Amino acid sequence: QTSRTPLLTSCGETLRDAIETLESEHEEAGDALLKIRDLSNDFTAPTGACNTYKVLLDSLNEMELDLHQHVHKENNILFPKALAVEKSS
């Protein structure tokens with residue numbers, strides 16, 4: 001059995017290292033959104049809030065949902081497939 005040379009990214013990192021960096025960034029973004037959710041009372045506008053404030057909170061909620069979908073696709077679909085391709089080449 002021959003050992004394979006790992007693929008390198010354009011930055012000179014191994015694919016595994018690049019994926020670990022991205023996964024860490026996913027964690028940081030998720031933590032930041034959790035803090036925003038907490039500070040905004042679960043994206044709930046206070047009584048008497050203007051429409052702009054309500055739209056902001058709705059948009060933050062939508063961004064959180066989009067981020068969860070993005071992270072899921074990368075962490076559970078794209079990254080494992082990329083590592084499988086690297087392993088097979």
Side-chain angles (χ1 to χ4, degrees):
Q1 183 173 358
T2 61
S3 64
R4 301 185 195 293
T5 303
L7 298 175
L8 298 179
T9 67
S10 61
C11 299
E13 297 180 292
T14 65
L15 182 60
R16 178 74 245 160
D17 288 341
I19 288 173
E20 286 175 3
T21 298
L22 291 168
E23 289 173 334
S24 176
E25 290 174 358
H26 290 163
E27 287 289 324
E28 290 173 15
D31 290 345
L33 279 170
L34 277 174
K35 185 164 186 154
I36 292 169
R37 176 178 277 286
D38 183 52
L39 292 170
S40 68
N41 192 30
D42 289 327
F43 307 122
T44 303
T47 303
C50 68
N51 286 335
T52 303
Y53 192 75
K54 293 175 185 177
V55 168
L56 170 68
L57 293 174
D58 287 344
S59 297
L60 287 169
N61 187 43
E62 196 173 312
M63 182 178 72
E64 182 186 55
L65 295 172
D66 288 346
L67 178 68
H68 285 299
Q69 185 176 43
H70 167 89
V71 168
H72 165 72
K73 286 178 180 178
E74 285 193 350
N75 287 1
N76 299 305
I77 300 167
L78 179 64
F79 295 162
K81 284 184 178 187
L83 291 170
V85 167
E86 178 186 52
K87 187 176 181 180
S88 69
S89 58

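Here the structure is a predicted model, which is why all the values come from computation and not from measurement.
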field: Gap between atom CG of Asn61 and atom CG of Leu56 - 0.5 Å precision
entry: 11.0 Å
Contacts of type side chain to side chain contact (heavy atoms under 4.5 Å, CB included), residue His68, not counting sequence neighbours: Glu64
task: Mind checking the NZ-CG spacing from Lys73 to Asn76? Nearest 0.5 Å is all I need.
output: 12.0 Å
task: Identify the heavy atoms of Leu57 and Thr44 that sit nearest to each other, and give their distance.
output: CD1-C, 3.6 Å
task: Check the hydrophobic clustering (I, L, V, M, F, W, Y; side-chain heavy atoms under 4.5 Å; chains of links allowed) and say if Leu65 and Ile36 are grouped together.
output: no
- request: Write down the atom of Phe43, the atom of Ser40, and the distance for their closest heavy-atom approach.
  value: N-OG, 3.0 Å
statement: Rounded to the nearest 0.5 angstrom, the CD-CG distance for Glu20 and Leu15 is 10.0 Å
task: To the nearest 0.5 angstrom, please state how far the CG atom of Leu33 sits from the CG atom of Leu60.
output: 7.5 Å
message: Counting C-beta onward and ignoring hydrogens, is there a side-chain heavy-atom pair between Glu27 and Glu23 closer than 4.5 Å?
response: no
task: Report yes if some heavy atom in the side chain of Arg16 is under 4.5 Å from a heavy atom in the side chain of Leu83; otherwise report no.
output: yes
- request: Name the orientation class of the two ring planes belonging to Phe79 and His26 (parallel below 30°, tilted from 30 to 60°, perpendicular beyond 60°).
  value: parallel
Nearest non-hydrogen partners of Leu67 and Gly30, listed with the distance: CD2-N, 4.1 Å
query: Got Val55 and Thr52 here, is their nearest side-chain heavy-atom distance under 4.5 Å?
result: no
Interatomic distance, His70 atom NE2 to Asn75 atom CG [nearest 0.5 angstrom]: 8.5 Å
statement: Between Lys54 and Ala49, the two heavy atoms sitting closest are CE-O, 3.3 Å
